[in-house]
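To start, the structure under review is shown below, and the notes come after it.
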Amino acid sequence: MPVSVANSQVVYDAMKGVGITLLSALPETWLVHLIRMADEDPAMTLVRLAKEEEGVGVSAGAHFAGARSAMLLQNHGFLQAINGIVGVSLLYKIPLLMLITDRGSFGEKDPWQTEGGKYTRPVLDALHIAHADLRRPDEVQPKIDHAMTLAQASLSPVALLLQRDLMWEEPK
Amino acid sequence: MKRLDCLKAIYPRLEGCAVVTIMGAVAAELYSLGHRANFFYLEHAMGLASSVGLGIALAQPKRKVVVIDGDGSVLMNLGGLTTLARSRPNNLVHLIFDNETLLSVGGGAPGGYKWFTTATATGTDLAGIARAAGFPRAQMVRELGDFEEAALDAINGDQLSCIVAKVDAEMPKSFLIDVHMLENRFEFPRALQTKGGVN
């Protein structure tokens with residue numbers, strides 16, 4: 001599968017580096033290695049969600065209990081979780097780090113991914129949620145570190161959009 | 001069976017637990033018995049109280065977590081029961097007050113009249129769903145004595161449990177909660193993270 005193992009490892013290591021001990025996730029192709037790494041790591045609690053909105057609640061609970069967490073999701077998972085993001089994270093001022101695989105942009109071959117990607121940034125902007133793209137492996141660690149710092153300081157959701165250039169390796 | 005009597009029966013045992021309630025009548029009635037810093041009233045976000053409870057239970061496995069939910073909220077996040085079941089935290093008890101109506105969002109009326117019922121009014125069995133989702137313990141109770149016995153046994157026990165209590169669709173005497181949401185939001189983690197506070 002041409003999902004980058006090396007860059008997934010860079011992302012995973014950066015999440016560990018900012019103290020994340022709990023990840024909630026639903027799978028999507030670009031996330032397969034990240035989720036596997038969490039599953040194989042005895043120091044990481046992986047919560048396999050049925051629907052993304054639950055993850056907002058799980059992260060809030062982890063925050064209350066003093067643990068750092070993140071959500072792994074895709075554009076449509078983000079759109080699915082909006083009510084939780086507004087009703088829990090924003091309303092109650094709770095840090096929430098979201099790593100969203102940003103499907104549906106340049107290079108997208110799957111027709112069914114092309115709609116959700118169009119609305120991710122406008123919806124993030126409408127909710128005033130700070131976000132940044134992760135495109136190159138060398139920017140992953142500092143941006144995840146800065147995103148977590150901002151989430152904790154602002155008590156708000158922050159999103160990192162995992163880009164094709166980072167996550168996908170075209171078969172040679 | 002009245003929700004308030006059920007809450008009175010377990011109230012003393014909630015000390016030291018992390019208690020997460022849904023909005024509305026349940027929150028107001030628990031508050032009316034005496035607010036504590038280890039009570040978090042999740043206003044809005046129907047369905048997510050059990051998800052918040054799961055996050056606490058996983059991050060603090062030695063603390064007992066009691067989620068006090070309702071049929072309308074649970075029905076908005078039935079998938080969450082499967083997430084709880086597969087995560088199977090042995091320190092979480094999911095209490096569900098089932099009044100067969102969306103009482104607190106306007107589906108009930110004085111006198112217990114139900115004009116917007118939930119599916120539990122027409123036969124949906126939430127304890128059955130929890131059991132089929134994989135909860136090691138799930139049961140429905142209709143009498144106060146049975147509720148008290150089951151709920152206390154679940155809280156004192158060490159397995160993921162779901163107790164569904166069939167209660168009257170009665171409004172609380174007051175919906176007043178004189179603790180601001182944000183005050184509650186900050187005092188709750190402080191109570192959970194204070195050393196020596198672990199139950």
Side-chain angles (χ1 to χ4, degrees), chain A residues 19-27 35 38-39 41-73 77 80-98 152 154-157, chain B residues 18-20 22-23 37-38 40-63 65 67 69 73 76-89 91-92 133 180-195 197-198:
Chain A
I20 291 169
T21 56
L22 186 151
L23 284 172
S24 62
L26 260 92
I35 293 173
D39 193 31
D41 181 354
M44 184 66 75
T45 300
L46 173 65
V47 182
R48 290 181 170 84
L49 304 169
K51 221 169 183 183
E52 285 83 355
E53 189 184 11
E54 295 171 58
V56 180
V58 171
S59 273
H63 173 73
F64 290 156
R68 287 187 171 193
S69 70
M71 283 175 72
L72 301 176
L73 63 171
Q80 199 285 321
I82 295 299
N83 181 56
I85 292 168
V86 174
V88 178
S89 306
L90 291 170
L91 187 62
Y92 278 99
K93 302 196 179 296
I94 295 171
L96 176 68
L97 183 62
M98 295 180 284
Q152 297 289 333
S154 64
L155 303 174
S156 304
Chain B
V19 181
V20 180
I22 55 167
M23 40 75 76
N38 59 314
F40 179 67
Y41 316 106
L42 181 66
E43 301 292 341
H44 231 76
M46 289 177 71
L48 293 188
S50 62
S51 307
V52 173
L54 176 60
I56 298 168
L58 293 173
Q60 288 195 357
K62 288 181 179 168
R63 184 183 294 280
V65 179
V67 175
D69 220 325
S73 285
M76 290 194 195
N77 184 17
L78 279 181
L81 291 176
T82 68
T83 305
L84 282 174
R86 71 182 308 179
S87 301
R88 207 179 264 224
N91 55 330
L92 192 148
H180 191 274
M181 286 173 53
L182 290 180
E183 186 180 353
N184 187 216
R185 175 257 178 270
F186 286 107
E187 69 176 349
F188 181 65
R190 197 174 296 124
L192 264 52
Q193 293 174 39
T194 302
K195 280 190 179 157
V198 175

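Each chain gets a letter, A, B and so on, in the order its sequence line appears, and its residues count up from 1.
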Before giving the answer on side-chain contact (heavy atoms from CB on, under 4.5 Å), spell out for A/Leu155 and B/Arg185 the whole-Å C-alpha distance, their side-chain angles and the decisive distance to 0.1 Å. CA-CA 11 Å; A/Leu155 303 174; B/Arg185 175 257 178 270; 4.0 Å; yes

Measure from the side-chain N and O atoms of A/Glu54 to the backbone N and O of B/Ser51, and report whether any donor-acceptor pair falls under 3.5 Å. no

How about residues 89-97 of chain A versus chain B: which residues have heavy atoms under 4.5 Å apart? A/Leu91, A/Tyr92, A/Lys93, A/Ile94, A/Pro95

Quick check for you: among A/Gly66, A/Gly87, A/Ala67, A/Ala60, which has the greatest number of heavy-atom pairs under 4.5 Å with chain B? A/Gly66

Do you know which of B/Gly80, B/Ser87, B/Ser50 has the most heavy-atom pairs with chain A at a distance under 4.5 angstrom? B/Gly80

Partners meeting salt bridge (charged side-chain N to carboxylate O under 4.0 Å, His left out) with B/Arg86 (sequence neighbours left out): none

Which one of B/Leu78, B/Leu54, B/Leu42, B/Thr82 has the most heavy-atom pairs closer than 4.5 Å to chain A? B/Leu42

For the residue pair A/Ala65 and B/Ala59, what are the closest heavy atoms and their distance? CB-CB, 3.6 Å

Over all heavy atoms of both residues, which pair between A/Gly84 and B/Leu48 is shortest? Give the atoms and the distance, please. CA-CD1, 3.9 Å

Please find the pair of heavy atoms, one from B/Ala45 and one from A/Val88, that lie closest to each other, and give the distance. CB-CG2, 3.4 Å

Rounded at 0.5 Å granularity, tell me how far CZ in A/Phe64 sits from CG in B/Leu192. 9.0 Å

Stepwise side-chain contact (heavy atoms from CB on, under 4.5 Å) check, A/Leu22 with B/Leu58: CA-CA 8 Å; A/Leu22 186 151; B/Leu58 293 173; 4.1 Å; yes

